[in-house]
Structures are given as C-alpha cells and as structure tokens.
Amino acid sequence: TLVVVIFYLLVYVAGSFLMIRRGLAMIEAVGRAADGYLWSTIALCVLGTLFLMLSVQIAKWRLEATRRLKQIRASPRAAMERIPPEEAAGGGGRVMASEIALHPDYRARIAGNTDLRIVGLGEYLATLRPKGKTDSTFGNELETAIGGALLNALGPGLGTLLLPSLGVIPKSILGYGEAAAAAMTAYGGVEAEAPRLGQVGSTMPANVVKTMGGTSLITMASVTDINSAIAGGSTNGDDDKKDASPPSSIEILVKRGEPHEETFPPESIPNPFIFSQHYRKAIDAMEKLVTANNIKNGKKPYDPDEFEVMEATPVDERTLPGLHMGMSGVKRTQNRRGILENRLICILMNNLSSNDIRHEFPDVPGPFSVVMDAGGSPITRPEDLVAALQKAGNSAKCTVVSRTTTFGLSLCVKEIDGTFSYVPIGLRFRTGMRDVQGENIDVYLPHSSIDLEIKGPSCNVLIQYYHDASGFAAWNSGDYPDTPWSFDGKKRGIDLLKCVRQAGFHMACCNSAAERGKVPYGGYALYGTCNDSVAVIESAAGDGTTDIYPLTGVGGWHVDFVRRAKEFRHKELTSGRSKDFVEDLEKFYQAVKNQPNDCFPTLETMDDCARRLIASSPDNPIFQSMEDGTKMCEALRTELAEL
C-alpha cells in the first residue's frame, strides 16, 4: 500500500509540474498546439489526485482489517456452550452466516429424499453462548472467538475464506474506497476441485483478507496475475543451466498420466495397451501396491468392495463445541476398486490426448496406443477409444455439469446424542453486476466438469475433464462424498464423441502452452479455472456458445493460450486428417479465441453474464441467496434490454 501511495504521489507531483510547464509554454506561444498538451497534463494531474485519494482510503481500510485480524489471532479462546435450538431463535450467530442460510425448499427436499440431517451454519452459531453469560450483547465476543477458532483450525487460507460470511472482517468503507477495495483486496484463493485440503492450502496465499461481502471476480483475476508474476520470477534461471533443470510438473504429469503420486506401476500399463488383456491386470497390480502400502503405513487392509467412509475432526471444542471438519459417516459414491477403475481409464484417456504433444517432452515415451484385442487396430485418440468401448457393448454419455464448490471444505455438527448434522456451505463472490436498486449480484463459485460415464462389460466408470488446481488439464476420477450438495449440479447433455475430441484438443494445447511458457501453476487461474476449460469444450462441441459462469482467465495469459491454439490448429493436426476432424479443430480455436471474460462486465457483455449465471445455477438452490441472485439477474436482463 505504501508503494502504491508513493507511486501516485509522484504521478501527482509530476503532473502538477508538467501542467505548470505547459501552461507557461502556452502563454509564450499562444495559438500553438501546446494547449493540447495542457489538457492532457491537466487530465494526468486529476487522475493522479483521484488515485492518491483512493490510495489513502485503501490504506485506512487495510490498516483496520489488519488490526482486526491481529485482534482475532491474539484473543484468548473463549469457552462456549451450546443451548437448545428453540432458545436460540434470532441469535446473533444466525445473522453472522445469513449469506449461507439454507433454502427452505432445499431443506425439505433433503429431509424427504435422504436420511441426512442438515443444518445451516448460522443455525449452529446461534446456539453458542459464552459460558456463564446469558445476555444478548456478546456479538463482538462471539465474532472474535469464532474468527480465532477458524483461523487456528483451518489455517490462514481457508480460515479467512469464511470470515466475510461471519461478519468478522470490516465489510465496507466509505466513498471511492469501497469500489477501489473491491478490486484491490487480497485474493480469496483459486478454485480447487478435488476434496484435497492439502492441495487447497498449497494454492492459496496466507494473507487472504476477503471483504465487501465477498471478493470480486476482478480481484480474483488481478491478484492471480500478481501472484503468478512473483512465482514466475523463481522459475527464470540462468539459460546456461536449463539442461540441468529437473523435469517440470507438467512433464511429470504427462508421463504419469494422472496427478496422483501413488500411481499404477509403469509395467502395468504397457504400450500398446491391449484392453482385453491388460485392463484387469493393471487393476490387480495397483491393488497389490495399495495393499502393501497400507500394511507399511499401518492402515487397515485394503478391501476393493469397501466404500470409504469419511471422518471428521473437531474444529475447536472449546470455542466451537460440536463443529467438525469433514462429513462424519458419509460414504463416497464409488467403492475403492471403482475409483481405481476410474483412474485407469483416466490414464488411458490422458495418454491418448497427450500424443499430439509428446514430442515436446524429451523424457516422455513416444505415441501411446490402445488395442481392444490382440491383433486389432491401434487406437491413438481418446474419442476413438470411447467409440471402441461403445462398439464392445458399453453405453457412454457426456454431460456438462456445474456444481457448487467449497474448496474441498466440509463441515458437520456432532449433536448431543452422538449423531451428526451436516452443514452445506458455499463461497460467495461479487460478480460486478448490480440490480436497479444498486444491490450487488453475487455468485456462489461452481466447479464445472465434463462428466463421461461408461457402463458395460468392459468397465463401469465416471470420469471428469477439467483444468485441475494441480495445473494439469486432464481427465480425473469422478467420485464424490455421497451427499446431494456435493454431487448434484446443473447438468446439460452434449455430443459424446465431439465433446471427448474437444477435451483432447484442450488438454494437449493447454498443457503444451503451460510447459512452453513455464507458466506458474500450469496456467491454472491464468488461462482460467475448471470453468474456463469446460466452457471452451462446451462451445466447441456445441453451437459456439456456453452456459458456464464465471469465466475468469487473465487477459495477457489468455492471449498466450490463443496463440498456442492458433499454432496447434495450423501446424500440428491438420495434415492427413478428415474434413470433420479439421472442422472440429477450427471450432476449438474459435472457442478459445472468443472465450468470454466475466471479471469486468460491461453494458455489452452483462446480459450474457447474467444469462450464464442463471443457466449454471442449481435447479434446486441450496441457499436462499442463490435464488435471490438468479431473480436479480432475470430482472437485470429485462432492464438491460431497454437500456
């Protein structure tokens, strides 16, 4: 902040000096073109003054936010106790989490269709009272205690992610500072699709300070750009030492075929891979490896038919009694062998998709192929493998899905009788759109994917394509916790083989661009997140449009991706290909080139932003504010048609 203030102060002084100098020159030479310079310097001076004023406001806000966070971290952990819910009606905690209040229809749907019991985070917080206190004037103490517990239990990344919803961080400042802070507050983290808390922590800066009722999309993109510049500086070494550098993360992932470090033994996936002979052998080899590792690490024996049951750990029993991280007792949607089958099919699909760029990685073996039966024709493209599986009697379908994401974070509450209630949560971001009353329209961040389901005698799998937070654009296993808010989403059908082909194009082009440019994080959040990757595929495999929202690729980085897509179209895949293939490749390039960007909606783009926000929102909104947001978008679209 100090650097920004000093910079704009210098701009202000320089502008003032130039204005005086140009003014004297104009007096000396009236009628010359100097008056044009005068107006430009006046504009520069005004701009410098404006930014100086904004910087002072931002500095004040950041000082207050920092002071509040220090107070939270330093405060002693207050001892809390829970009171019966009927005594907690209208409690302060309920107000603190009003943004994620459950929709009454969703609550009824869960109660009627499942054995799960859900509770809103605000409902739980409303049952907390400091021990020994009965009055209702303890709001600040409760905020501080809960904020401290979240920071301690979840870490500085995830902990601060929930603070805006709880009202712990200042939510507004006056005047221009509010608008400026919305675009300059610290980044609230990038999308993390898989439920891997460790992965989330590694991708999120430690100094997250979310404010303004939700960080804006423009903040997410702008600070991603800054973070990547910092991270990129550590990768720019001496050119003379390039040959000695270790293989990049993209190269390792292309060679391995999946992001899991404990992967299939190399000999279990030979090249060519004879499906009828090697598929079961590969599963057996991986099961033996998992069994041996479980014994080595003191874990319980591997059971292929077991559905993993999730566990939960207390957040802070002293301050947040009963609140746990995780979803205790909830099973995953697939058994352990099913997840291994998902991973094996992913490796085969990823290996085939990487054939077009394998020559860019010296240590990666040459073209990979699959043969359905010994002596059969080699398959070198992912869509051809899916077609071959269909021919072998398996059914297959692709869907475009957007699910509400929580960065892998889940919560539950242990009740007095020992059972658990589950707490659906969401992460709200400002869209940059406002309704006619001036209210901000928010979005709960979704995770989008291309879901490919294959069922039949050869395999039974659900795999998903997206650009992952690990930086690898690839197919991943599609297993989830078996709760509706984790797995359900907005789903749309799409042409099966064209969709798989376009995913192959995207995987090769995205990973190649990231490797060539040594792009931090494999281009994740810079080329866009999972949402952007899926939007390209939906557009290219469909009618040239997408229903995915939000799309947040960073300008210059996106242009780098466009350059690689253009080269990909021209030089690498057109020779000897069918007319249909070349046409699909052109559609891929156009989809990348014309990808919308939602970080800074304008009058020209806002209607499409609102349309896609509605289209990607759940049919059964989890939170009341989700439904409110879609209604605000519908009203905005009506108004925009008349502007």
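Everything numeric in this text was worked out from a predicted model, so none of it was measured.
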Distance in Å, [X] [atom1] paired with [Y] [atom2], rounded so as to fall on 0.5 Å steps:
X: Ile622; Y: Ile110; atom1: CD1; atom2: CD1; answer: 8.5 Å
X: Asp482; Y: Glu308; atom1: CG; atom2: CD; answer: 12.5 Å
X: Ser402; Y: Asn531; atom1: OG; atom2: CG; answer: 6.0 Å
X: Cys412; Y: Leu116; atom1: SG; atom2: CG; answer: 11.5 Å
X: Ser328; Y: Leu411; atom1: OG; atom2: CG; answer: 13.0 Å
X: Thr529; Y: Leu551; atom1: OG1; atom2: CG; answer: 8.0 Å

- request: May I ask you to decide if the ring planes of Trp485 and Tyr422 are parallel, tilted or perpendicular, using 30° and 60° as cut-offs?
  value: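 Plane angle between 30° and 60°, so tilted.
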- request: If the plane angle is over 60° it's perpendicular, under 30° parallel, otherwise tilted; pick one for Tyr279 and Phe275.
  value: parallel
- prompt: Can Val500 and Met349 be said to form a side-chain contact (heavy atoms from CB on, under 4.5 Å), step by step?
  reply: CA-CA 9 Å; Val500 174; Met349 295 285 283; 3.6 Å; yes
Between [X] and [Y]: side-chain donor-acceptor atoms closer than 3.5 Å:
X: Glu415; Y: Ser421; result: yes
X: Gln334; Y: Asn342; result: yes
X: Gln464; Y: Asn476; result: no
X: Tyr466; Y: His447; result: no

Could you check whether any side-chain heavy atom of [X] comes within less than 4.5 Å of a side-chain heavy atom of [Y], counting everything from C-beta outward?
X: Thr114; Y: Pro484; value: yes
X: Ile537; Y: Met507; value: no
X: Thr483; Y: Met327; value: yes
X: Asn394; Y: Gln390; value: no
X: Leu385; Y: Met372; value: yes
X: Ile454; Y: Ile463; value: no
X: Cys509; Y: Asp356; value: no
X: Ile548; Y: Ser616; value: no

Could you check whether any side-chain N or O of [X] sits under 3.5 Å from a backbone N or O of [Y], counting only pairs where one atom can act as donor and the other as acceptor?
X: Arg107; Y: Leu102; answer: no
X: Asn460; Y: Lys455; answer: no
X: His278; Y: Ile274; answer: yes
X: Glu317; Y: Gly322; answer: yes
X: Arg82; Y: Ile416; answer: no
X: Asp468; Y: Gly471; answer: no
X: Asp495; Y: Ala541; answer: no

Is [Y] paired with [X] through a side-chain N to carboxylate O contact shorter than 4.0 Å?
X: Glu341; Y: Arg280; result: yes
X: Lys491; Y: Asp451; result: no
X: Arg337; Y: Asp305; result: no
X: Lys490; Y: Asp619; result: yes
X: Lys498; Y: Glu383; result: no

What do you reckon, is [atom1] of [X] surrounded by more than 12 foreign heavy atoms closer than 6.0 Å?
X: Asp417; atom1: CG; value: yes
X: Glu311; atom1: CD; value: no
X: Glu267; atom1: CD; value: yes

field: Pair Asp547-Arg612, salt bridge (charged side-chain N to carboxylate O under 4.0 Å, His left out): steps then yes or no
entry: CA-CA 5 Å; Asp547 287 344; Arg612 287 184 285 110; over 6 Å; no
If you compare all heavy atoms of [X] against all heavy atoms of [Y], which two are closest, and at what distance to 0.1 Å?
X: Ser617; Y: Thr630; result: OG-CG2, 3.5 Å
X: Cys530; Y: Pro446; result: SG-O, 4.4 Å
X: Val519; Y: Tyr527; result: CG2-OH, 3.3 Å
X: Leu253; Y: Ser470; result: CD1-OG, 4.5 Å
X: Gly120; Y: Val423; result: C-CG1, 4.3 Å
X: Ser353; Y: Trp475; result: OG-NE1, 4.4 Å

message: Can you confirm whether or not the ring centre of Phe623 sits under 6.0 Å from the ring centre of His103?
response: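 Phe623 vs His103: aromatic centres not under 6.0 Å.
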message: With a 6.0 Å cut-off on the ring centroids, do His467 and Phe472 count as close?
response: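 Here the rings of Phe472 and His467 have centres that are no less than 6.0 Å from each other.
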task: List the steps and the verdict of side-chain contact (heavy atoms from CB on, under 4.5 Å) for Arg428 and Met626.
output: CA-CA 10 Å; Arg428 194 179 74 159; Met626 274 185 171; over 6 Å; no
Geometric cation-pi criterion Arg336 and Phe307, 6.0 Å radius, 45° cone: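 Negative - Arg336 is either too far from the ring of Phe307 or too far off its axis.
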task: Let me see the working for Ile357 and Asn511 under side-chain contact (heavy atoms from CB on, under 4.5 Å), right down to the final yes or no.
output: CA-CA 9 Å; Ile357 60 171; Asn511 291 332; 4.2 Å; yes
message: Testing Arg256, Arg343, Glu258 one by one against Thr263 for a side chain to side chain donor-acceptor pair (under 3.5 Å), which residue passes?
response: Glu258
- request: Step by step, work out the side-chain contact (heavy atoms from CB on, under 4.5 Å) result for Glu453 and Thr399.
  value: CA-CA 9 Å; Glu453 188 174 21; Thr399 52; over 6 Å; no
- prompt: Only one of Ile295, Val290, Leu289 clears side chain to side chain contact (heavy atoms under 4.5 Å, CB included) with Tyr302; which?
  reply: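 Passing option: Val290.
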side-chain hydrogen bond (donor to acceptor under 3.5 Å, both in side chains) between Glu262 and Asn293, intermediate numbers included: CA-CA 10 Å; Glu262 186 183 77; Asn293 287 340; 2.4 Å; yes
message: Go through it in stages, so that I can follow the logic: the residues are Asn355 and Thr380, the test is side-chain hydrogen bond (donor to acceptor under 3.5 Å, both in side chains), and I'd like the CA-CA distance, side-chain angles, deciding distance and then a yes or no.
response: CA-CA 7 Å; Asn355 276 338; Thr380 59; 5.1 Å; no
- prompt: Can you pull the ring-ring contact (aromatic ring centres under 6.0 Å, His included) pairs that have at least one residue in residues 323-342, sequence neighbours excluded?
  reply: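 Every ring-ring contact (aromatic ring centres under 6.0 Å, His included) pair that includes a residue of residues 323-342, provided the two are not neighbours, is His324-Phe420.
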